[in-house]
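These notes are about the structure you will find just below.
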Amino acid sequence: MHKQTNTGFTLIELLVVVLIVGILTAVALPQYTTAVEKSRSAEALTLMDAISNSAQRHRLQKDVWPGGFAYLDVEIPKINNNTYGGKNFKMTMGPMTTADGNKFIIVAERRDLSAAQGKYALKTILTEANDGTITILRKCGTNTSTTSEDNDLASEDSPSTKYCSAITGNKNNNF
């Protein structure tokens with residue numbers, strides 16, 4: 001007589017495995033999404049560096065900030081006829097005069113994201129002091145205006161705040 005052996009998994013064992021996979025997915029997916037968004041921001045930061053350097057050269061040569069992308073000595077990719085940027089970001093720029101100096105703001109607005117998904121913008125703010133020195137400040141937030149250097153953010157738990165914190169590496173979203 002031969003003994004019959006049962007091979008396979010019990011229902012409890014399968015449920016435990018499904019539960020473990022579900023927990024790992026719930027923990028890993030937000031981290032993955034944030035990491036992907038951080039890597040996408042590299043495109044915007046590279047474009048912003050090129051625009052910033054070109055705008056500074058234009059300012060030194062002509063004594064005015066550039067009036068548009070056509071005045072830059074670098075080629076910025078076009079999304080369509082009047083919109084510049086890359087695959088993930090739309091670029092805008094403009095001068096701003098304030099009491100503490102002459103400023104030029106470059107904005108990289110994240111494309112194809114809704115507010116619920118965490119739409120955000122990166123800003124590079126060039127400030128020329130009275131002595132001619134130019135300082136650079138970068139910010140991340142939801143404000144996409146080139147007439148304001150504010151970096152408004154929603155609550156600490158919002159996706160845009162999490163993306164900005166990951167991109168800048170700190171909670172105040174300046175870098």
Side-chain angles (χ1 to χ4, degrees), residues 28-62 64-98 101-128 134-175:
L29 190 59
Q31 295 292 333
Y32 172 75
T33 306
T34 302
V36 167
E37 200 59 43
K38 184 177 179 181
S39 68
R40 286 182 178 153
S41 71
E43 170 195 25
L45 294 173
T46 301
L47 282 172
M48 291 171 84
D49 277 342
I51 294 168
S52 172
N53 291 334
S54 181
Q56 289 179 63
R57 285 190 298 272
H58 187 277
R59 175 76 180 153
L60 291 171
Q61 292 169 356
K62 313 267 190 211
V64 294
W65 292 109
F69 289 100
Y71 295 97
L72 299 177
D73 60 1
V74 294
E75 189 172 329
I76 304 301
K78 279 188 172 183
I79 298 170
N80 59 36
N81 288 341
N82 297 321
T83 308
Y84 291 84
K87 181 178 177 185
N88 299 301
F89 288 88
K90 178 178 110 176
M91 307 299 289
T92 54
M93 64 180 192
M96 183 176 89
T97 304
T98 62
N102 199 353
K103 296 187 182 208
F104 187 77
I105 299 179
I106 305 161
V107 178
E109 180 183 348
R110 180 67 167 92
R111 295 175 58 204
D112 304 327
L113 281 181
S114 68
Q117 293 172 302
K119 191 166 196 151
Y120 64 93
L122 301 172
K123 286 188 178 184
T124 297
I125 303 159
L126 306 170
T127 304
E128 182 182 24
I134 296 175
T135 57
I136 300 172
L137 175 65
R138 285 197 170 146
K139 295 183 175 189
C140 182
T142 55
N143 185 334
T144 61
S145 169
T146 57
T147 59
S148 168
E149 58 182 286
D150 293 337
N151 63 335
D152 306 328
L153 276 175
S155 69
E156 198 169 310
D157 295 334
S158 74
S160 57
T161 303
K162 290 179 183 177
Y163 293 151
C164 284
S165 293
I167 292 165
T168 62
N170 61 51
K171 295 277 184 199
N172 68 2
N173 298 312
N174 294 339
F175 58 113

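Residues take their numbers from the sequence shown, with the count starting at 1.
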Straight-line distance of [X] [atom1] to [Y] [atom2], nearest 0.5 Å:
| X | Y | atom1 | atom2 | answer |
| --- | --- | --- | --- | --- |
| Ser145 | Ile105 | OG | CD1 | 7.0 Å |
| Arg57 | Asp73 | CZ | CG | 4.0 Å |
| Lys90 | Leu47 | NZ | CG | 14.5 Å |
| Thr127 | Lys103 | OG1 | NZ | 4.0 Å |
| Glu43 | Arg110 | CD | CZ | 8.5 Å |
| Leu122 | Thr124 | CG | OG1 | 7.5 Å |

May I have the step-by-step check of side chain to side chain contact (heavy atoms under 4.5 Å, CB included) for Ile76 and Val74, ending in yes or no? CA-CA 6 Å; Ile76 304 301; Val74 294; 3.9 Å; yes
Quick one: sort the Phe89 and Tyr120 rings into parallel, tilted or perpendicular, breaks at 30° and 60°. perpendicular
So with a 6.0 Å cut-off around NZ of Lys119, is the heavy-atom count from everything else above 12? yes
Around atom CG of Asn82, are there more than 12 heavy atoms from other residues, nucleotides or ligands closer than 6.0 Å? no
Taking side chain as C-beta onward, heavy atoms only, is [X] less than 4.5 Å from [Y]?
| X | Y | answer |
| --- | --- | --- |
| Asn102 | Trp65 | yes |
| Asn143 | Lys123 | yes |
| Met91 | Thr83 | no |
| Thr161 | Ser158 | yes |
| Leu137 | Lys139 | yes |
| Tyr163 | Thr33 | yes |
| Val107 | Met93 | no |
| Arg111 | Asn88 | no |

Side chain to side chain contact (heavy atoms under 4.5 Å, CB included) evaluation trace for Met96 with Thr146: CA-CA 8 Å; Met96 183 176 89; Thr146 57; over 6 Å; no
Hydrogens and angles aside, do Asp49 and Ser52 bring a side-chain donor and acceptor to less than 3.5 Å of each other? no
When you compare the side chains of Glu37 and Ser41, does any donor N or O come within less than 3.5 Å of an acceptor on the partner? no
Derivation of the side chain to side chain contact (heavy atoms under 4.5 Å, CB included) call for Gln117 and Asp112: CA-CA 9 Å; Gln117 293 172 302; Asp112 304 327; over 6 Å; no
Could you walk me through whether Met48 and Ile51 pass side chain to side chain contact (heavy atoms under 4.5 Å, CB included), step by step? CA-CA 5 Å; Met48 291 171 84; Ile51 294 168; 5.7 Å; no
Could Arg59 and Glu128 be called an ion pair, given the rule that one side-chain N must be under 4.0 Å from one carboxylate O? yes
